[in-house]
Amino acid sequence: MPAALAALVAGGLGLGLNAFPLSIGSDLHFIFGPIFPLIIALTFGPLYGMVAALLAGLATVWLWGHGLALPFLVAQAFVVGWCVRRWKWRALFADAVFWVGISPLLYFLHVRSGVYPDGLGPAVAFKYVVNGLLCTTLADSSLGWPAFGRLLARYGARLPENTMAARLTRVLTLVAVVPACALSAWYAHAASNQQEQEVRAELTTQTRFVANVLSDKLLVARQDVTILAERLSEMPDDPAAVARRLQRYHQHAFLFETLLVADTAGKVIASSPVVSEPQLNVAGHPYLQAALSGQNVVISDGLHCPVPAGKDPCIAFAAPIRLPDGSVRGVVEGRMTTTQLSRLLSGSVAHRGEPFHLVVLDWQSQVLATNRPDLFPLLAKTRLSDIRAYDRALWLPIPASGQEARFWVWQEREPETGWRCYALVPFAVVHQRAATVFIPFLLAIPFVLFVVAWASGVTVRRVMRPLDELTATARVLATDPERAPDILPDSPNGQTLPATQLPAEIAHLTEAFHAMARQVGKTMSYLRATNIELEIARQRLEDARDNLERELAARTAEIERREEARLRSQKLELLGHLTGGIAHNFNNLLTVILSYSSLELSRRAPDDPACKGLQSIRRAAERGRDLVKQLMAYSRASEASAALCFPLHDALRTVQGMVERLFNEEVELTTNFAAGEVFVYAIPQELEQVFLNLLVNARDAMPNGGTISLETTLVTDAAAEAGGVVFPAGSRLEDFLAAQPVVRISVRDTGTGIPPEVMARLCEPFFTTKEQHKGTGLGLSTALGTITSAGGLLRVESEVGKGTAFHVYLPVAEQPASGVPTSGSHRLSFLKPSAQAQRVLVVEDDPDVRATVGAALLAGGFAVVEARDGQAAWNIIQQQAGRFDLVVTDVRMPNVNGVQLASSIWETYPDLPVLFISGYADREDTGQSFAFRDNLIYKPFTAAEIVEKVKSMMDRNAAEYVTRETE
């Protein structure tokens, strides 16, 4: 009963205290009502704390309509009370654990759910955490006051850690936290007010600026109409002459969409531009009648100027044409559309850069002009006209969506027309500016709480904790004197260690007490030998601790292993990017060396003494090309390059040449290419990397040496392809073999084999059976990804102690009609191109490569035009109307790359062929959806190779053209 009464009283106090929140800025405030429920939860238990929190939280619903705080207050009181009463946690630690656990729900409710659409959601969510930590600290610290503790104890409360040290810690925390938090809240509130004042000042300035700009534009329009009326009054009554004068004047009067001249009867006698028949009489226009009555310049009332259907509404400026005798000859009318007015308004204020929404309304509350037509469509009705002038935030309906948004608004009137000019700033702008104040404040409060808790704990531990320990020791000895030798510290010489870190009085008292207790304990020492149960308990505790330490060490090692694997993967990826970049630059150098060396060899006779040196240079460049090919395969630089149809055995022979340098004399590599000449459709570098990984893994599986066989065969009997494990998991090999012709590439070894329990995890990322630092666990997973991207499958057969076989199944592709011939298959002519020579445009950003390709094609008898990049090439093509027989372009180029240039060419000149040259290409250069066919040649290449490729593409294009013409 007393506990229930205390809960009701605490809930009522919290309810009243919640009605006076501490404001720290726009929509952010602290409430201290949870302090009393938390005190009840700490002293009477979590259930009574929940009741008090429920009552205290009702204020957030009744006063502010904010029911979201109610469940959080109740849950906080229960969790903090339960952890402190059940597990003896410190209140601040228990509350911190609660808020850490509830943070995902806070994020969802305040950010993802759109409760605060103006961007304040993260700050409000974090404010909950800070507010909860502060209230818990204040509630726990309040228990340190003796009078308050005695009052609660009278009604049956149990104070947690009711010791002198604990009470002193709470008092010191309260004394330190309250001033620090009050000072922080005052600073945050003052800084927030300053931000709001700055926004108000900018809002007022912007509105006045808009009104001034509008007045200036209207004044210019009035002057233009007046000047035109004066000039027309001096002209003869000739409609043709009036029309010519009107058109010449309209070229300078850029504010008007249309200029009209009407006689006194309202009939239009001239216009610029010429208006349609239904508009030839404007007699019924009220502003026109006002101008005829003698007024100087009349502006139409808002949007009352009639316009044809489908045209923008306009605002009319009318001025009378007076003869020298003062009579009115006619009227000049200038029409300014609302769209033009909005454009003038936006252009006048665009340089200011503030995030304001500008709106101009006529007398009927229609939008005449705005810089945000997506929010305030022209001619739309708004409720802005109901607003006089505000310097606070308010909710307004947006005409474009019908929903309400929160703005600060200011209004000014244009003095001549009475139009109302509004400047609106979204409320989120204030929050963004205040974030620099709120976030440091919200971060400072928990920092202060934890620092004060730590500092007070350290201070009390150095002074009061020894007295508490001494008191506890005296109580133990009073009930069980024989335990004195167990609980008193001994020094090596049998004397009590002096407490040098303690005050002198406490140290002397401790030494005297220990000496007395030790003397009493010596008389009972013989009983310790019989305390077998204590020894058994200690042994069990040590065993449990050892088991826990082993389990912890195992888990720590697993976490470290996974982290190490992740770091190795990242390093490999970075190394791959670096290798690809180096390979790209080196390819350009090798292209120049190979092309010029082949050109010089073609120019010289075979018995020329210089040919020997040139051939050495060419052989060295070809070895460099092989090295670059290996680098490209390692770095997976072809990941975004096009898949090509190429001979499978050429790739296998390349891999064979790579691994022969990696194998020692104990490993024998045999090959059996029984499949004949087979073509596959894949990325050559990636496929080479797959078989390189399989061969290296086979070598590692034979530590004592052995035989590795590399075999190819066309699959004719699907029944023979059985056994082992097929990857990816769930794939049906028999369906795959029945659907298409397939070639099988097998890598067999005589190594240790793979255990069955490892086979299922063989292609998992980061899974490896190698020693630490000798494998990343990414080789087979990467190889499987390459195989599946090429449309193939992987089957693995293994027997422990006898070896392993990896079978790669790839679909057989049709043999391409033509390809790039081998080096030296064409003798260059070195003749000057004739006037009828075929014209080739060479596009390359590297000047050396561009000059090399141009020289090779000139030697081949082509007329060459060069361009330094894609934009320059496109300009040349347009200037010459596409009169080229072929375009040779690099893939990677600044500004406009080769793929973008080819797309532009094929849109305008679909019959113009394009040959791509590339040494390295990624998705940023080519795009995911672009696919090369046989119009790609990789760097480095010789002069003869590029000439033969150009000739083959031109011949094929000519044949296709003839075929189309005959059809």
Side-chain angles (χ1 to χ4, degrees), residues 1-22 29-64 66-102 105-106 127-145 147-149 151-162 170 173-174 177-178 181 445-446 449:
M1 191 65 184
L5 180 61
L8 294 176
V9 173
L13 293 175
L15 180 66
L17 194 57
N18 272 348
F20 302 98
L22 175 63
H29 53 266
F30 274 2
I31 58 173
F32 298 99
I35 293 177
F36 296 104
L38 287 169
I39 291 174
I40 299 302
L42 293 174
T43 56
F44 288 97
L47 295 179
Y48 296 104
M50 288 178 61
V51 175
L54 181 63
L55 295 175
L58 290 177
T60 61
V61 180
W62 292 343
L63 298 177
W64 313 319
H66 188 15
L68 201 59
L70 185 60
F72 285 106
L73 295 182
V74 175
Q76 179 191 15
F78 178 81
V79 172
V80 173
W82 177 270
C83 294
V84 172
R85 296 294 294 272
R86 184 66 179 271
W87 295 319
K88 307 302 180 184
W89 286 5
R90 293 190 62 181
L92 182 59
F93 178 74
D95 194 50
V97 171
F98 166 76
W99 288 111
V100 169
I102 209 70
L105 181 59
L106 276 174
K127 190 271 298 182
Y128 267 61
V129 178
V130 175
N131 194 105
L133 293 174
L134 181 58
C135 289
T136 301
T137 303
L138 295 177
D140 184 60
S141 302
S142 300
L143 300 178
W145 295 98
F148 190 55
L151 176 64
L152 294 175
R154 181 180 303 175
Y155 294 99
R158 285 193 302 115
L159 274 67
E161 289 188 282
N162 190 19
R170 292 186 176 100
T173 301
L174 188 64
V177 167
V178 171
C181 293
I445 294 299
L449 295 180

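Source: prediction; values computed, not measured.
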Smallest separation among heavy atoms of A91 and V80, with atom names: O-CG1, 4.3 Å

Partner set under side-chain contact (heavy atoms from CB on, under 4.5 Å) for S141, not counting sequence neighbours: T137, T173, L174

Pairs flagged by side-chain hydrogen bond (donor to acceptor under 3.5 Å, both in side chains) wherever residues 72-83 is involved - sequence neighbours left out: Q76-D95, Q76-T136

Exam field: side chain R90 to backbone V84, donor-acceptor pair closer than 3.5 Å: no

Within residues 135-144 or reaching into it, pairs that qualify as salt bridge (charged side-chain N to carboxylate O under 4.0 Å, His left out) - sequence neighbours excluded: D140-R170

Residues in side-chain contact (heavy atoms from CB on, under 4.5 Å) contact with I35, at least two apart in sequence or another chain: F32, I39, C135, L138, A139

Evaluation steps, side-chain contact (heavy atoms from CB on, under 4.5 Å), between W89 and V97: CA-CA 11 Å; W89 286 5; V97 171; 4.1 Å; yes

Shortest non-hydrogen separation from K88 to R85 and the atoms involved: NZ-O, 3.9 Å

Parallel, tilted or perpendicular: rings of F72 and W99 (30°, 60°): parallel

Partner residues of V130 under the side-chain contact (heavy atoms from CB on, under 4.5 Å) criterion, sequence neighbours left out: F30, F126, L442, I445, P446

Interatomic distance, K127 atom NZ to L106 atom CG [nearest 0.5 angstrom]: 10.5 Å

F98 atom CZ: more than 12 heavy-atom contacts under 6.0 Å: yes

Side-chain heavy atoms of L17 within contact of I31, under 4.5 Å: no

Atom pairs and distances, donor-acceptor, side-chain atoms in residues 2-16, under 3.5 Å, two or more places apart:
none

A77 to A53 - nearest heavy-atom pair and separation: CB-CB, 3.9 Å

